[in-house]
Amino acid sequence: MRTILALAAFLLCFAYGARQSLLLKRRAAFLEELSRMLGGFEIEIRFAAPTLDILCEKAEGGFADILRECCCDNDIKSAWERACGRLCALPYCRAEESELMLSLGRSLGTSDISGQLSLIGLHSEKLNALRRSAAEESAKKGKLFRSVGALCGIGAAVLIM
């Protein structure tokens, strides 16, 4: 019985460490998706000048999917705000990403083409800084979380035995 309990403790600790590591990787991938989406917005605005509704319909990625789910009454601004609110509930998303996207959504479509391009460029730079930070954090802390989870599991198993 102790062996089973020790094995369960080890597996739980290791699984927790692995989960934390995967969340860091997922955050970095999500920020990359957001960056690509903004790049697509920039290209579309530069060459076709579509409305925010059309941009969001064509967008790809996790945020775009959430945005389309939130768009029920054809009011893209309120759908954007609801989508940003739902970002906070994702385990791999932090408040800074949500706030950045909320700020972008409030400002998009309120100026001429050059103003929108400048706005997207500014938000892209901020997003790229977050993405680089998340990638570094994932590389450094991901392995740490897995190792600490395994060590805690071994420690718990030894104490139980």
Side-chain angles (χ1 to χ4, degrees), residues 1-43 52 55-73 75-108 119-161:
M1 186 64 171
R2 281 186 165 178
T3 305
I4 294 171
L5 190 58
L7 182 61
F10 170 75
L11 290 175
L12 282 173
C13 291
F14 181 75
Y16 181 77
R19 180 181 185 275
Q20 294 303 316
S21 176
L22 288 174
L23 288 176
L24 290 175
K25 285 182 182 178
R26 180 62 184 117
R27 179 173 181 249
F30 179 70
L31 289 170
E32 178 66 32
E33 279 181 12
L34 288 178
S35 184
R36 280 195 309 268
M37 185 180 84
L38 291 187
F41 281 9
E42 188 172 13
I43 291 169
L52 185 57
L55 283 174
C56 294
E57 285 176 19
K58 292 182 178 181
E60 296 177 358
F63 181 73
D65 293 340
I66 293 170
L67 185 58
R68 283 189 284 274
E69 288 173 14
C70 292
C71 193
C72 56
D73 56 358
D75 181 19
I76 194 64
K77 292 287 188 176
S78 62
W80 191 287
E81 286 187 26
R82 285 192 301 272
C84 290
R86 287 181 55 188
L87 282 182
C88 292
L90 299 174
Y92 51 82
C93 191
R94 296 187 183 161
E96 51 198 344
E97 291 97 23
S98 177
E99 291 169 9
L100 183 68
M101 294 305 290
L102 184 59
S103 168
L104 176 66
R106 287 182 178 152
S107 303
L108 265 180
L119 179 73
I120 289 175
L122 173 70
H123 282 78
S124 290
E125 286 301 315
K126 290 179 182 178
L127 195 61
N128 284 333
L130 287 175
R131 184 183 52 79
R132 285 189 299 272
S133 170
E136 289 173 9
E137 185 178 22
S138 176
K140 289 179 183 176
K141 291 184 180 178
K143 187 174 181 179
L144 175 71
F145 279 132
R146 288 188 305 272
S147 299
V148 169
L151 288 174
C152 287
I154 291 169
V158 167
L159 288 175
I160 292 171
M161 297 296 281

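All heavy atoms count here, side chains included; hydrogens, waters and symmetry mates do not. Counting begins at 1 with the first residue of the sequence. Keep in mind that what you see is a predicted model, and the values were worked out from it rather than measured.
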Task: Partner of S107 under side chain to side chain contact (heavy atoms under 4.5 Å, CB included), chosen from I120, L122, L119, L102 - done: L119

- [ ] Go through the structure and list residues passing side-chain hydrogen bond (donor to acceptor under 3.5 Å, both in side chains) with R106, not counting sequence neighbours.
- [x] none

TODO: Kindly indicate whether the side chain of W80, heavy atoms from C-beta on, has any atom under 4.5 Å from the side chain of M101.
DONE: yes

Task: Residues in side-chain hydrogen bond (donor to acceptor under 3.5 Å, both in side chains) contact with S103, at least two apart in sequence or another chain - done: H123

Could you pull out all donor-acceptor pairs under 3.5 Å where a side-chain atom in residues 28-42 meets a protein atom, sequence neighbours excluded?
from: E32; atom 1: OE1; to: R131; atom 2: NE; distance (Å): 3.4
from: E33; atom 1: OE1; to: G62; atom 2: N; distance (Å): 2.8
from: S35; atom 1: OG; to: N128; atom 2: OD1; distance (Å): 3.0
from: E42; atom 1: OE2; to: R46; atom 2: NH2; distance (Å): 3.3

Open item on the list: Counting only heavy atoms not in E60 (residues, nucleotides, ligands), do more than 12 fall under 6.0 Å from its CD?
Closed with: no

Open item on the list: For the CG atom of L22 and the CZ atom of R27, what is their distance to the nearest 0.5 Å?
Closed with: 15.5 Å

Task: Atom pair SG (C84) and CD (E97), whose distance is rounded to the nearest 0.5 Å - done: 11.0 Å

Open item on the list: If you count every heavy atom of other residues, nucleotides or ligands that lies below 6.0 Å from Y16 atom OH, does the total exceed 12?
Closed with: no

TODO: For residues A150 and F10, report the shortest heavy-atom separation together with the two atoms involved.
DONE: O-CE1, 3.7 Å

- [ ] With sequence neighbours left out, write down each residue that passes side-chain hydrogen bond (donor to acceptor under 3.5 Å, both in side chains) with R19, or none if nothing qualifies.
- [x] none

Open item on the list: Tell me whether K77 at atom NZ has more than 12 heavy atoms from other residues, nucleotides or ligands lying less than 6.0 Å away.
Closed with: yes

Open item on the list: Whether the side chain of Q20 engages the backbone of G17 through a donor-acceptor N/O pair (distance < 3.5 Å, no angle test) should be reported.
Closed with: no

TODO: Check whether any side-chain N or O of S138 sits under 3.5 Å from a backbone N or O of A134 as a donor-acceptor pair, and report yes or no.
DONE: no

TODO: Scan residues 146-161 for pairs that pass side chain to side chain donor-acceptor pair (under 3.5 Å), counting only residues two or more places apart or in two chains.
DONE: S21-R146

Open item on the list: Just to verify, what does S98 make a side-chain hydrogen bond (donor to acceptor under 3.5 Å, both in side chains) with, not counting sequence neighbours?
Closed with: none

Open item on the list: side chain to side chain contact (heavy atoms under 4.5 Å, CB included), that's the test. Do L90 and L87 meet it? Break it down for me.
Closed with: CA-CA 5 Å; L90 299 174; L87 282 182; 3.8 Å; yes

- [ ] Report the distance from atom CG of L12 to atom SG of C152, rounding to the nearest 0.5 Å.
- [x] 12.0 Å

